[in-house]
Protein chains: 2
Amino acid sequence: MSVQDKKLKHKEDFRIKILSAAKKLFVEEGIEATSIRKIAKEVGISPTTIYLYYKDKQDIVYALHLEGCSLLRTQMQALMHVDHPFERLKAIGKAYLSFAVNESGYYELLFVMKEPMQFLADRGEGSVWEEGDRVFEMLIATIKDCQQEGFFVGMDTQTLSLQAWSTVHGIASLFLSGHLEKLNNLLFSEASKAEFLERTFQLYVSMLETIK
Amino acid sequence: MSVQDKKLKHKEDFRIKILSAAKKLFVEEGIEATSIRKIAKEVGISPTTIYLYYKDKQDIVYALHLEGCSLLRTQMQALMHVDHPFERLKAIGKAYLSFAVNESGYYELLFVMKEPMQFLADRGEGSVWEEGDRVFEMLIATIKDCQQEGFFVGMDTQTLSLQAWSTVHGIASLFLSGHLEKLNNLLFSEASKAEFLERTFQLYVSMLETIK
DNA sequence: TTAAAAATATTAACAGTGTTAATTATCTTT
DNA sequence: AAAGATAATTAACACTGTTAATATTTTTAA
């Protein structure tokens with residue numbers, strides 16, 4: 001291994017070290033409470049050393065967001081084998097909601113926080129959220145398959161996909177932000193907390209089945 | 001006017017002064033960039049003086065959120081006279097989306113940020129988001145009216161209401177967070193930006209019409 | 001092997017943040 | 001006018017992200 005390769009490896013190793021420290025902290029204490037200084041302490045280096053491996057904090061946040069993206073994509077990819085497209089669509093929706101609940105930190109990073117999108121915007125006007133695109137692509141493909149099987153005939157695929165995403169994102173984000181909990185009209189007990197996502201999702205599914 | 005009344009008035013005047021300074025800053029520079037120190041400078045007082053009138057920053061954020069709530073409620077209230085309940089439902093949905101676009105700062109304060117809900121949670125476990133409740137109540141009432149007119153027969157009113165809210169919130173929040181913009185699959189031009197909200201909303205409306 | 005050069009890491013520092021304690025100024029009451 | 005209560009301020013703490021200057025280590029060249 002040449003010296004140059006060693007350097008690159010060292011650089012990559014450190015990037016990973018920093019990132020996993022960041023992830024550990026942000027899982028344990030939340031994304032807001034995760035500072036550069038705490039990450040540095042976790043890795044055992046000086047705070048400024050981090051800037052040799054990441055441009056700034058947004059860069060770290062973006063890198064973390066990429067990890068979340070690939071995790072979600074992996075989970076959804078496992079469902080792409082489901083034969084019947086409408087069943088697959090339902091499975092994807094459920095998986096998305098599960099991801100929101102079980103990986104709430106990642107979910108906020110991917111779909112709620114502005115930072116990752118701002119990072120892309122800073123990178124240039126025409127920059128694209130490729131990792132998000134890949135995930136969304138699976139939804140589009142599934143809905144296209146549905147249409148070929150006679151579902152949603154004559155409807156615009158893109159609008160349909162965006163609407164499906166909006167629906168699950170809407171309920172997931174209201175849930176995670178704590179808004180549902182504080183709404184008296186929904187006076188739900190601890191037990192039925194997660195059930196609320198399920199019920200709303202099921203209603204949407206039944207609406208999709210009706211319009212067929 | 002007694003001395004005690006004068007004191008109360010002075011206190012209330014100052015609370016309003018601080019709040020409108022906060023609102024001005026957060027409209028001009030965004031909510032993130034609005035600090036206690038900047039608010040104080042805007043009012044022309046010392047930063048610590050603010051703590052004589054508001055418990056902490058979260059308290060100010062919550063007060064600001066209340067103003068946003070009443071603004072949204074006012075706008076929606078103006079639609080409650082629409083006779084046909086389904087037409088009213090559509091009008092409410094449009095008004096909600098308009099609020100999200102035209103009062104994006106308030107929208108984030110009301111439905112995206114965790115702080116106001118955290119403020120309630122800190123106030124006690126059984127605390128309720130009354131102002132939000134009042135807005136949501138209008139949606140529930142409208143959907144109930146729809147059901148009495150033969151729409152959505154046999155469906156759960158609460159779930160239906162929550163699902164309607166989720167749908168519009170989903171598209172609004174994805175739009176405001178910048179996620180839609182960076183999605184290549186949606187490659188939308190500047191002109192069609194707002195159109196995306198409209199299209200997705202219309203699709204939902206047509207779905208509601210279909211299930212009738 | 002040693003001296004120069006380059007890469008890497010650290011400390012010090014800046015300009016901010018929210019917030020509290022101690023101190024000063026102002027107003028109210030006796 | 002003096003005493004007491006209220007209001008407002010300054011000073012300070014413990015943080016934040018980030019940059020410049022300095023020190024250390026590693027690599028290259030003589």
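Any value given below was found using the heavy atoms of this structure, including those in side chains, with hydrogens, waters and symmetry copies removed.
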Undergrad: Check whether any side-chain N or O of B/Ser46 sits under 4.0 Å from OP1 or OP2 of D/dA8, and answer yes or no.
TA: no
Undergrad: Mind checking if A/Lys55 touches a base, just sugar-phosphate, or nothing, with heavy atoms under 4.0 Å?
TA: nothing
Undergrad: Taking CD from B/Glu32 and P from C/dG16, how many angstroms apart are they, rounded to a whole number?
TA: 17 Å
Undergrad: Give me the atom names and distance for the closest heavy-atom approach of A/Leu110 to A/His65.
TA: CD2-O, 3.1 Å
Undergrad: Tell me the interatomic distance from A/Arg15, atom CZ, to C/dT8, atom P, rounded to whole angstroms.
TA: 14 Å
Undergrad: Which distance, rounded to the nearest 0.5 Å, do you find between the OG1 of B/Thr200 and the CD of A/Gln163?
TA: 7.0 Å
Undergrad: Choosing from D/dG17, C/dA9, D/dA8, which nucleotide comes nearest the side chain of A/Ile36?
TA: D/dG17
Undergrad: To the nearest 0.5 angstrom, please state how far the CD atom of A/Gln147 sits from the CG atom of A/Asp156.
TA: 8.0 Å
Undergrad: Using whole Å, what does the distance between atom C1' of nucleotide C/dT8 and atom CG of A/Asp13 come to?
TA: 15 Å
Undergrad: Base, sugar-phosphate or nothing for A/Tyr53? Non-hydrogen atoms, less than 4.0 Å.
TA: sugar-phosphate
Undergrad: Using the side-chain contact (heavy atoms from CB on, under 4.5 Å) rule, pick out the option among B/Leu197, B/Leu203, B/Val205 that qualifies with B/Phe201.
TA: B/Val205
Undergrad: How many whole angstroms separate atom CD1 of A/Ile18 from atom C1' of C/dA9?
TA: 12 Å
Undergrad: D/dT10 P sits how many Å from B/Leu52 CG, rounded?
TA: 13 Å
Undergrad: May I have the distance from B/Ile50 (atom CD1) to C/dT17 (atom C1'), rounded to whole angstrom?
TA: 13 Å
Undergrad: According to a strict under-4.0 Å criterion, is B/Ser35 in side-chain N/O contact with OP1 or OP2 of C/dT17?
TA: yes
Undergrad: Do B/Arg37 and C/dG16 share a donor-acceptor pair, side chain to base, under 3.5 Å?
TA: no
Undergrad: Can you check whether A/Tyr51 has a side-chain N or O nearer than 4.0 Å to OP1 or OP2 of C/dT10?
TA: no
Undergrad: Mind calculating the distance between CD1 (B/Ile45) and P (D/dA7) to the nearest angstrom?
TA: 13 Å
Undergrad: Please give, in whole Å, the distance from C/dG16 C1' to B/Ile39 CD1?
TA: 15 Å
Undergrad: Does any N or O donor sit under 3.5 Å from an N or O acceptor when you compare the side chain of A/Thr48 with the base of D/dT19?
TA: no
Undergrad: Using the ring centroid of each side chain, check whether A/Tyr54 and A/Phe14 are separated by less than 6.0 Å.
TA: no
Undergrad: Look at all strands and tell whether B/Tyr54 reaches a base, only sugar-phosphate, or nothing, counting heavy atoms closer than 4.0 Å.
TA: nothing
